[in-house]
Amino acid sequence: MSIRFVLTCVVALACACLSLSAIAHAEDLRAARSEEHALSSLAAQSSVTLNETSGLARISFDIAPGARAEAVELVLVARPVSPQSGGRLQVSVNRGRSVTLAPQPENFEARFALYADSLREGRNTLNLNFDAAGEDGWVIDAEASRLRVSVAPAAGYSSLSDVEAALGADFAAPRRIFIDAGQAGTQAVPVSALTAQGLALRMGEAPILVSERSVAELTVRAVADPAAATPAVTLTGEDEIQLSATDSAALIAAARLFAARSMDGQDRRFGAAQALSAARLVRDTGFETTGANADLETLAGFGAPFGAEQGIATAVVFTDTDPQARLAALAVVGRAAIASGSAWIYGWFGEDIDAAPASHHRMVLGPLSTMDSRLLAAAPAEMRAATDAARARLPRQRRHFGSAAYADDTVGPLAEIAGIAAIYEDTSGQTVAIITSPDGADFARAARRLARSSLWNGMEGQAVLWDASAVTAFGPTSGPAFSREAFVVFLRDNDRYVALGAFSLAMLLLLSGSAVNRSASRRV
């Protein structure tokens, strides 16, 4: 056997091993996707000033564990401090090579690629450096400037700590999540709600909850396992977390564990013993309050009064059993937990408002048609004004008349986004919050839009109406009893009677005219 033949075999074997390794690594990653964030969301400030005294700004961002970054791009929007602004702006990622700009003293917007070879999973830093000798500096518009990273997310995770880090990452985080609480039985609603709140607190935003596991990037499953010694959170697959307990009734304890304690530093199992030394799962709301005012701004700002003492005096009622409506309502509850700073682990969650504790504050979510009439009767006048305005905005429903009845079209998949939120105190002094949508609108789309956009922060006063892009607040004088919107709604709701009245009036005038003509003929 010649030496050349042996060397050829060794080289071929090495190439085959490298190919198999590359294929295995490719299978560990999902398809690359491009994600974009405003610098203001990463730096928590609306502008960044660079000058000779503060010539360096560092903006941190996180890439999920196991992900592979392929490209990075920056859209930089800036304005000069003065007509003497100049110098050079150097932009880099981590300790990588920099891109240099030499702008003229005028407003500019620059889009350019950065060197992606220095990107890594975990914490990264975008460096903005001002280099000048005597020139004035620049003000970076952080709200208009955007960082875009093309990254292939990991297809799975090796520990609960990695899952937690991935959920909180700015790029390549698992966005679409499937919650399976079927085995929780009567505890399915609270288990789902607490799971949604635990996810939202880790992500810093309301999760995108999906109804099919096949499209999910992460699955959270509740499992009743008689062999489970204590309630626990376990990583049972590369992209599956399992909440386990001995029976369905005990699964609520596992859900509370998931929603109350951080899994940072945990391996594949997180139980009561590990929870003793684990940090609380909390977020800084950035708001302070000394009371629990019954207004929507207080609810949006820090979840009060529902989040007080982790929801010990709170009842959340889901009025619609439609799967999409339920998932959207869970997203709203997740957003409310972010406002509160912690999950409502001691709250009551259910579907029957009559079963909710009478001494609790109540948050009720669902379409207007599923709401308890007693809640609507007690709602403030502002909610009725918002409802009238919403109905006036919606396209008129087509009616099909039969011999004695008619039927309205059902809400289609492209129905209007229109939602109503209201808050008030009932006769017992408890706060009631209603998140709903009028007839003809899609509650699921409206609720998701509220939970996952800045519309949430626009809520104020006693009642608001929102659509896809704006929030309209209703105060004591915004909806007068004889408003144009109320008149239009009255005509639409009673068009048959209006038509009948007009026809009767026309016939009366016709008969009166005929009688007058006959009387005049006799006189002649």
Side-chain angles (χ1 to χ4, degrees), residues 22 25-50 54-79 87-103 107-132 137-157 162-176 202-205 208 217-218 452:
H25 183 67
E27 291 177 349
D28 291 338
L29 295 172
R30 295 185 172 96
R33 66 191 186 202
S34 182
E35 299 179 77
E36 184 177 279
H37 286 283
L39 294 189
S40 58
S41 66
L42 302 174
Q45 57 189 97
S46 59
S47 63
V48 176
T49 301
L50 299 175
S54 57
L56 177 62
R58 293 187 174 94
I59 300 175
S60 299
F61 61 95
D62 295 321
I63 296 178
R68 184 185 69 243
E70 298 183 354
V72 57
E73 185 180 74
L74 180 65
V75 177
L76 191 64
V77 180
R79 65 179 186 273
R88 297 183 300 171
L89 293 174
Q90 298 174 333
V91 186
S92 63
V93 176
N94 298 327
R95 297 182 179 275
R97 293 171 290 175
S98 63
V99 174
T100 301
L101 305 177
N107 297 349
F108 74 88
E109 176 178 331
R111 180 188 296 268
F112 52 92
L114 296 170
Y115 293 98
D117 51 1
S118 60
L119 286 172
R120 56 178 179 265
E121 61 181 81
R123 180 58 54 93
N124 293 264
T125 303
L126 175 68
N127 303 299
L128 303 174
N129 184 51
F130 175 61
D131 182 15
W138 298 85
V139 177
I140 308 299
D141 187 345
E143 294 183 346
S145 300
R146 302 177 300 280
L147 180 67
R148 175 179 294 175
V149 179
S150 179
V151 58
Y157 308 98
D162 283 349
V163 174
E164 183 139 317
L167 288 170
D170 300 300
F171 297 96
R175 307 293 182 191
R176 301 183 303 276
R202 290 176 169 88
M203 299 174 71
E205 62 181 10
I208 302 175
E217 297 172 278
L218 180 68
R452 292 188 48 80

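It should be emphasised that the depicted structure is a prediction, and the values quoted were computed from it without experimental measurement.
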Exercise for the section: Dump the intermediate steps for side chain to side chain contact (heavy atoms under 4.5 Å, CB included) on E35 and V149, then the final yes or no. Expected result: CA-CA 6 Å; E35 299 179 77; V149 179; 6.0 Å; no
Handout entry: Any side-chain heavy-atom pair of L74 and V99 under 4.5 Å
Key = no
Problem - Straight-line distance of L76 CG to W138 CH2, nearest 0.5 Å - result: 10.0 Å
Practice task
Flag the pair L39 / V48 as yes when at least one side-chain heavy-atom distance between them is below 4.5 Å, and no otherwise.
Solution key: no
Problem - Residue pair F130 / I140, side-chain heavy-atom distance below 4.5 Å - result: no
Exercise for the section: Measure the shortest side-chain to side-chain distance between V163 and R202 over non-hydrogen atoms and say whether it is less than 4.5 angstrom. Expected result: no
Practice task
Please examine the side chains of F171 and L119, heavy atoms only from C-beta on, and report whether any two atoms are closer than 4.5 Å.
Solution key: no
Practice task
Take atom CZ of R79 as the centre, draw a 6.0 Å sphere, and report whether it contains more than 12 heavy atoms from other residues, nucleotides or ligands.
Solution key: no
Practice task
Decide yes or no for S60 and T125: does some side-chain heavy atom of the first lie under 4.5 Å from some side-chain heavy atom of the second?
Solution key: yes
Exercise for the section: Return yes if some donor-acceptor pair links the side-chain N/O of R146 with the main-chain N/O of A144 below 3.5 Å, else return no. Expected result: yes
Problem - Residues D117, R97; criterion side chain to side chain contact (heavy atoms under 4.5 Å, CB included); working and verdict - result: CA-CA 9 Å; D117 51 1; R97 293 171 290 175; 3.2 Å; yes
Problem - Charged N-O contact under 4.0 Å between E217 and R175 - result: no
Handout entry: Within-4.5 Å side-chain heavy-atom neighbours: V72 and L126
Key = no
Exercise for the section: Let me see the working for D131 and T100 under side chain to side chain contact (heavy atoms under 4.5 Å, CB included), right down to the final yes or no. Expected result: CA-CA 10 Å; D131 182 15; T100 301; over 6 Å; no
Handout entry: Smallest separation among heavy atoms of A116 and A71, with atom names
Key = CB-CA, 3.8 Å
Exercise for the section: Look at the side chain of D170 and the backbone N and O of F61, then say whether any donor-acceptor pair between them is shorter than 3.5 Å. Expected result: no
Practice task
Test side chain to side chain contact (heavy atoms under 4.5 Å, CB included) on Y157 and L167 and set out the steps.
Solution key: CA-CA 11 Å; Y157 308 98; L167 288 170; over 6 Å; no
Problem - Any V75 side-chain heavy atom under 4.5 Å of R148 side chain - result: no
Problem - For the student: nearest non-hydrogen atoms of P103 and G87, plus distance - result: CD-O, 4.0 Å
Problem - Test item: N129 side-chain N/O and L56 main-chain N/O as donor-acceptor pair under 3.5 Å - result: no
